[in-house]
Each structure stands twice: as C-alpha cells, then as structure tokens.
Protein chains: 2
Amino acid sequence: MFNEQSATVSEPNSGTEKRLLEAAGEIFAEYGYRAATVRQICEKAGANIAAVNYHFGDKEGLYMAVLRSVPDAHAEKYPADYGPGTAPEQKLSAYIQSLLHRVFDEGRPGWHTKIMAREMIEPTRALDTLVEEIARPFHQELASITRELLDSAATEEAVRLCTLSILSQCVYYHHARSVLSRLYPKRKYGPNDIPRLAEHITAFSLAALKEFAQQNGGISE
Amino acid sequence: MFNEQSATVSEPNSGTEKRLLEAAGEIFAEYGYRAATVRQICEKAGANIAAVNYHFGDKEGLYMAVLRSVPDAHAEKYPADYGPGTAPEQKLSAYIQSLLHRVFDEGRPGWHTKIMAREMIEPTRALDTLVEEIARPFHQELASITRELLDSAATEEAVRLCTLSILSQCVYYHHARSVLSRLYPKRKYGPNDIPRLAEHITAFSLAALKEFAQQNGGISE
DNA sequence: ACTCGATTCAAACATATGTTTAATGAACAA
DNA sequence: TTGTTCATTAAACATATGTTTGAATCGAGT
C-alpha cells in the first residue's frame, strides 16, 4: 500500500505532494484524465515518475486527490455577493456574472470548470463526487433565484427547466469555444467579453422568466 | 502509400471498407478519437487489424473518412420541414424539435452530434472541416430565423448572441446528460422528453426574443 | 490453367504509458 | 554510532496500441 496518511493529513513533507497536486490540476484540466500522462505531470512537478504511485497509489488516486484538494477556490475569488434583501433580478445578474468569470478563468478555480466539462463528455468514477459537491449546490442556488422570479404557482419542473436554460447559456461559451472561435474569428468570446455576455444572458433570461411569470408559471403540465 | 483510390471512388470491393466506416462511426462517437482503438473497430467490423491501415492509411485517415462519409444523414431523417411562407415562430419550433431529435438520436445521424461534442472539448484536425460543413450552416439557419423574430433594427451581434442562447439550450441536454441523470435521477431527459423540452425551449426563447424585439433589437451596444 | 494485382491475414514491431522494484539518501531516535 | 523509517531515484516491467511486414488468398482477365 502507499502512503495514505500524507494524502489526507497535512504533514511537513518536502512539498512533492503539493507540487504534484498543482501540476496534476493543470495537466488534467488541459488534457483530460485519460490523455494526461503521469510522466508529463511528474516532469512539470519536478518529481520522479514513481512519486505518483508512492503518494497517491495510482493515477486515479491522484486525480481524485486533485478534485478533493480544491474545496472551491472559486467562491472566494469571484463571489456572487448579494445580500439577503437583494432583488432577484440583481441576484440573477450577479450569479451569471460570477459563473461566466468562473467559466473563463484560466487559473486554479478554472480547473473545476474544465474538468467538469470533460467529465460530462467522458465520465470517470469521480463524477458522482463532483456532481454532489459542486454541481448540485450550484444548480440549487440558481434554482432558488429562478423560483423567486417565476410565479409562486410555478411547477418544480418549470423551475428546473428554466434553471437549465439559464445555466446552459453560461456554460456554452466555454464548451463551444473551439467552435465559436472558428465560426466567428473576429469575435473572441474571451474573458474580455464577460460583461457583454453577462448582460445579454441576463436580459435574455429575465425577459423569458417575466413572460413565464405572467402566464402563471409557464409550461406547467 | 495505401489504397487511396477506393477511399474516394466507390468500387466493387468486398465491403470491408463500408463495414469499417460503419463500425468506426459508432466507436468514435462513443469513445472519442483518442480512446477508440483500431482493434476495437476492426473487431466490430469483422475485419483484420491491418485493414484500417490498408484502406485508410492510418487511424486519423479512418476518422476523417468517417466524418466525410456522412454528408448529413440527419437532414433526411429529421427534416425541419417548413415552407417559405411559414411564420418564424413555427420555424423556430420546428428547428428546435429537429435539433433535439438530432441530439438525442442514437443511430447514424447521432454520430455527428456526439463527435462534434467531443471535438469541442478535445479538438482534432478534423474540427475545421466539421465547423465549415456542419456547424456553420446550422448556425446560419437558426440565425436567419432569429433575425426574422427580432426587430429589423437588431444588430448582427444581437442576432448572434440570441442564436447562441437558443442553440445552447438545445445542446445542453446532450452535453450535460451524465450530470443531469445524477442530479435528477427520476427525470430521465431522454428521447421521450423531446416534446416537453422542445416546448419549453421554444417558449423560453420566443418570450425572450419578443421582449427584445419590442426594445428595438435588445442590447445593441 | 496461368498471371497479376488487389485484398486479407497472422505475426511481429515500435512506441507509449501505468506500475513496480530494489537501491540510495536523509532525518532522527536509541 | 547505529538502526529505523520515510522519501526519492533510476531502471525495469507489463501491457496497450498504432503500424508494418511478408506470406497467403481471392478474383478477374487472358
């Protein structure tokens, strides 16, 4: 068995573990679990090839550790800081802006988004954890905002569909960025466009929700 | 060099090529270019391992041939059949339904959607071809509908953003299906839900577009 | 029946990659 | 000092996978 202690309990090691996690985060996010190689990761971390197996058992152990190691670096970096008395319209705007920042972030919090995007297409055993710890609270937060904006008589299913409609618009610019950059080479759809995109998505979604609210919860079946 | 003739010109071969293309389409769509193995493909096609290299040069040649071999099997299977006099609202509805069918299709036309989804996350050299031959006409078709629904004074950029907003909702249920099935295990979001999803997306998008049209083209900057 | 090109086949080859192993070093306690 | 434990290292190992090779097989034309 490998050194399981140091993976969970922080110890005064020589930092190899930390460097390994850091390097693995970048590599996994950029190349995906399968395409990323332990040699690549170890080289970037300045560690020996056997370091991964020694510290994390195997490649999958390292992957899981990476996901566990970032208990959500995003929330503190791009907080959707609305108070309890804020109007739901402003909450939505803040939420969308925050999510777009997260989506376009290239640094550490960006890992989660990129890795999640890959897990969607090519799920690994880590997906269950990711869904429960990250996706579900994220969905629920937006769902509560949507519920406020819809009529109180709105079905849970209507709330859910609208939530997904809003969410999909935000993540699309990340998912489809390789296609968009080829379709519209002049428009970059990069981090600089966040304000413009956020404004559009917010207006688009608010308009739809307002209309639905007037219709008493929209397509309640 | 390999037998390049038979890859382009149809000849009375013993069908190995055709079976190879068929098998490769499924495997590539399911596992992605990288994870798919030529042994897997050859086994499914009932061909020898060397068949791929003989008929297509290498694995990438087979991949390209697969993409080239389906000049769009979808259009004939799920036509968005609206005439020239149709109201734009109905065009949008038909377009969304058609796209959802395409997205959820498991058979041959479904290849394109699945492969495109993978190319978005992990682009190969085939992406440029895919974008020009498939994504661009598809985007433009929806853009023309959006343009009709928006005010005539709408910016091209506004049209583009709204088009992407609509498109994103449709593809999201495919992209995120692994996450959605875990988030809401009771709701399947499978082929059976196409009518419901289409109705929601159409209503959501139409409501937003109507509002934008009243505002004279929405967020024209 | 024979020939020749195209096709198929089993086997080998080369490489990439995750993993293991045995040796070495470093820090520290007895 | 000596011995023990943890960490690191280079090398080897096992496997998977794309590709190549040379022989065998098939089919059409003469």
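We name chains A, B, ... by the order of the sequence lines, and we start the count at 1 in each one. Since the model is a prediction, treat every value here as computed from it, not as a measurement.
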Worksheet item: Salt bridge or not for A:Glu26 and A:Lys44, using N-O below 4.0 Å?
Response: yes

Item to complete: From the options D:dG18, C:dT8, C:dT20, select the nucleotide whose nearest atom is closest to the side chain of B:Thr16.
Response: C:dT8

Response to the item:
Per atom distances to the B:Lys59 side chain, the nearest of D:dT19, C:dT19, D:dT8 is D:dT19

Atom [atom1] of [X] and atom [atom2] of [N]: how far apart are they, to the nearest Å?
{"X": "A:Glu43", "N": "C:dG18", "atom1": "CD", "atom2": "P", "value": "13 Å"}
{"X": "B:Leu62", "N": "D:dT19", "atom1": "CG", "atom2": "C1'", "value": "14 Å"}
{"X": "B:Glu60", "N": "D:dT19", "atom1": "CD", "atom2": "C1'", "value": "14 Å"}
{"X": "A:Tyr31", "N": "C:dA16", "atom1": "OH", "atom2": "P", "value": "15 Å"}
{"X": "A:Glu17", "N": "D:dT8", "atom1": "CD", "atom2": "P", "value": "9 Å"}
{"X": "A:Arg34", "N": "C:dG18", "atom1": "CZ", "atom2": "C1'", "value": "12 Å"}
{"X": "A:Phe28", "N": "C:dT17", "atom1": "CZ", "atom2": "C1'", "value": "13 Å"}
{"X": "A:Leu20", "N": "C:dG18", "atom1": "CG", "atom2": "P", "value": "13 Å"}

Hydrogens and angles aside, do [X] and [Y] bring a side-chain donor and acceptor to less than 3.5 Å of each other?
{"X": "B:Glu119", "Y": "B:Thr124", "result": "yes"}
{"X": "B:Thr16", "Y": "B:Arg19", "result": "yes"}
{"X": "B:Gln169", "Y": "A:Ser165", "result": "yes"}

Worksheet item: According to the interplanar angle, ranging from 0 to 90°, do the rings of A:Tyr184 and A:Tyr189 count as parallel (below 30°), tilted (30 to 60°) or perpendicular (above 60°)?
Response: perpendicular

Worksheet item: NA contact type, A:Ala35, heavy-atom cut-off 4.0 Å: base, sugar-phosphate, or nothing?
Response: nothing

Worksheet entry | Contact check, side chains of B:Trp111 and B:Glu22, non-hydrogen atoms, under 4.5 Å | yes

Worksheet entry | Heavy-atom side-chain contact between A:Leu130 and A:Ile115 under 4.5 Å | yes

Discussion item. Quick one: does any side-chain atom of A:His139 pair with a main-chain N or O of A:Ala135 as donor and acceptor, under 3.5 Å?
Written reply: no

Worksheet item: Within the pair B:His55 and C:dA6, is there a side-chain N or O less than 4.0 Å away from OP1 or OP2?
Response: no

Worksheet item: If an axis is fit to five pairs at each end of the helix from C:dA1-D:dT30 to C:dA30-D:dT1, what is the angle between the two, to the nearest 10°?
Response: 20°

Which atoms of nucleotides 9-12 of chain D (N or O only) lie under 3.5 Å from a protein N or O atom, and what are those distances?
unit_1, atom_1, unit_2, atom_2, d
D:dT9, OP2, A:Asn48, N, 3.3
D:dA10, N7, A:Asn48, ND2, 3.3

Discussion item. Exactly one of B:Asn53, B:Leu21, B:Leu67 should register a side chain to side chain contact (heavy atoms under 4.5 Å, CB included) with B:Leu62. Which one does?
Written reply: B:Leu21

